[in-house]
Number of protein chains: 2
Amino acid sequence: MKPTVYDIARSAGVSLATVDRVLNGRPGVRHVTRERVEQAISSLGYVRDVAAANLAKGRTYSFVFVLPNYDNSFMIGIRDEVHAAISRSGAERTQIRIVEVPPFDAAALADALNHIVPDRPDGVAFVAVEGHEVHAALAGLKDAGIAVVTLVSDLPGSERDHFAGIDNHAAGRTAANLLGRFTGGRDGRIAVIAGSMLVRDHRERLEGFLAVMGESFARLDVLPVMEARDNPALTAEVVSAALGRYPDIIGLYSLGAGNRGMVHALREVAREARPVVVAHELTGTTRAALAEDLIDAVLNQDAGHEVRSAIRVLKGKVEGLSVIAAQERIRIDIFLKDNMP
Amino acid sequence: MKPTVYDIARSAGVSLATVDRVLNGRPGVRHVTRERVEQAISSLGYVRDVAAANLAKGRTYSFVFVLPNYDNSFMIGIRDEVHAAISRSGAERTQIRIVEVPPFDAAALADALNHIVPDRPDGVAFVAVEGHEVHAALAGLKDAGIAVVTLVSDLPGSERDHFAGIDNHAAGRTAANLLGRFTGGRDGRIAVIAGSMLVRDHRERLEGFLAVMGESFARLDVLPVMEARDNPALTAEVVSAALGRYPDIIGLYSLGAGNRGMVHALREVAREARPVVVAHELTGTTRAALAEDLIDAVLNQDAGHEVRSAIRVLKGKVEGLSVIAAQERIRIDIFLKDNMP
DNA sequence: GATTTTCTGATTTACGTACCTCAAAAACTG
DNA sequence: CAGTTTTTGAGGTACGTAAATCAGAAAATC
């Protein structure tokens, strides 16, 4: 039979109240007594029944997700996952609220974060945009004792408790590796399309990409990055223009969103002339393009994992646990047409 | 505030006992009354507090994992994950036991399964080996009302409730795709090393591999598969011999275990002469080999995911829920040196 | 040794659900 | 209509923990 608090009390020769004090870190227990209880706990192999504890506590955690109201598939995916978490939240004694903010707007984000403080939620997760206002707002949250996690896009050098997202530098390196190898020894140019170099994720991906290109694939000539603001129409235009101007483009790395436009442009190219293409995020568009051989590989970060990881970390923080880094690392998934999930 | 059973009773104008009868499918409720209660449940948006329910039930699920006592890194990983689950199991009202059996031995496996029946656990997970005895034993388990999940290796055509493992056919296809592209247009031979063609996983991987090789990379000449019984020493020998005999081997697919031996053999080859290598399972060996550029890509199935998925499915089965296939699909991970976790 | 402070014990209530018993009411049966 | 069966109500106990109160014991301080 699983040992309970009663067993500990009996085994340690103390009362239930003392066991409770030890278990929940309440004051008023002499050092020796505390040790005796801890001894009993470990020798009996007691583990707190989390279900019963939560039931008794009756406390529900309240978290706020601040998300950009940005309509690319990936962000929609993130929102969907948060909603899914909300619908599960009843069973998990968690209350989650979504606050939407305009994308890429540091001031608006900071404003939203500041408005959250008076509500005193237990934790906040948000997609970071760089800016001193954001740093200040984050500090305000921490001062109020609120756990903070950045999601998808990080805010390095800040006091966030955790970043739930991928290592974008590594993602860029991976893309370069794939693209370099898939082009198979041929010489030629590589085009890179980004959303905006103002966004940290994109900058980091580009850095990693260029680093590996330089190290391992000097035969390939990487064109200056083209920014298309994650806009499908603009992306289509930019890609078409580049392919028209440089017929020797043999590889394409799309490190942002707007893939719909890119796919559209690629479809215009004769099959034999198509470059090798690596893109980010497995969405309806990229999935179809993979199946059609318009895209050769897709790097993906699992939105569900990110959201659930963020919630787990927030809960852990509130309960005073530390993050197990290895467990919360978000993987960079590689999908070819054959291993699409 | 979250509605409770009391709220339902009040809202439906019935007693708590009646609500309980409806919620738990107990008999003795008139149809009209039952409908009234269900109406109240859905209009209040009641969701059962699982924690409280489990606490009240006090029931613990008992599962048995039947695993081959086979000492390759992957199986060790699986065992470790089961042990990890066991150490967590206290908190999750689950009791998990491991039974070890000799590998690739249908009779021994069947025997072990038969011996489990009298214990009447709620569920059993096992790594399938093909054989009519196994089918019979599985039927015995099902007859006893025990939920059954196959792990890593499936037993198609049987009555198992679920298979927690990857699509090995797709894995083989993925390997071929990577190998074909990584060899970059060059002609040459491809060597394939398997553990044993008697194991379904390996057969399926090979099938998928050969299919894509035939479809898309006819320029590559795939040598007859070499079986090395997942034995490192034998693998080293076989690989060395093949590389010596056919200097034009430009690609190597290791679809089983024994990678330590393969890496050993590869280390002997001059850097420029090394073939492109795709292997399975991210272990200490393959991880190091990836970092050293001895292996170019590793396909991986996450042992932790598989074990946890198996447990989730078993629990779900016991509680009478159906499996959400999409949620339990185990992914084929691709790792290059840049995106190793 | 008296007083204050710090510990400890005993006991109680609550959380939300499951499950049990017994009695009463309502619905059928002939 | 009486008798039988089915349905419903009322109430209680249990699960394992949290959290609180209050009294009493032990230790520290003067």
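Numbered from 1 within each chain, the chains take letters A, B, ... in sequence-line order. In this text, all values refer to a predicted model and were calculated from it rather than measured experimentally.
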Looking only at side-chain atoms of [X], point me to the closest of [options].
| X | options | value |
| --- | --- | --- |
| B:R30 | C:dT17, C:dA27, C:dA18 | C:dA27 |
| A:A53 | C:dC15, C:dC19, D:dA18 | D:dA18 |
| A:L55 | D:dA18, C:dT11, C:dC15 | C:dC15 |
| A:R26 | D:dA19, D:dT17, C:dA18 | D:dA19 |
| B:V14 | C:dT17, C:dC15, D:dG9 | D:dG9 |

Tell me if the CD atom of A:Q95 is crowded by more than 12 foreign heavy atoms within 6.0 Å. no
Using a cut-off of strictly less than 4.0 Å, decide whether B:R34 has a side-chain nitrogen or oxygen near OP1 or OP2 of D:dT7. no
A:S15 side-chain N/O to C:dA10 phosphate OP1/OP2 under 4.0 Å: no
I'd like to know whether A:K142 forms a salt bridge (charged side-chain N to carboxylate O under 4.0 Å, His left out) with A:D161, so could you lay out the CA-CA distance, the side-chain angles of the two residues, the decisive distance to 0.1 Å, and finally the verdict. CA-CA 9 Å; A:K142 293 306 299 175; A:D161 294 293; 2.6 Å; yes
Please name the pair of heavy atoms, one in A:F63 and one in A:D122, separated by the smallest distance, quoted to 0.1 Å.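 Heavy atoms of A:F63 and A:D122 come nearest at CE2-CB, 3.9 Å.
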Nearest-nucleotide check on DNA chain C, B:D20 vs A:H31; residue mapping nearer the 5' end is A:H31
Which is more 5' along DNA chain C, the nucleotide nearest A:Y6 or the one nearest A:R21? Just name the residue.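 Nearest-nucleotide comparison on DNA chain C picks A:R21.
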Closest-nucleotide ordering on DNA chain D, the 5'-leading residue of B:R36 and B:A52: B:R36
Most 5' of B:G13 and A:P3 on DNA chain D, judged by nearest nucleotide: B:G13
Thinking salt bridges, do B:R329 and B:D167 make one under a 4.0 Å N-O criterion?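 No.
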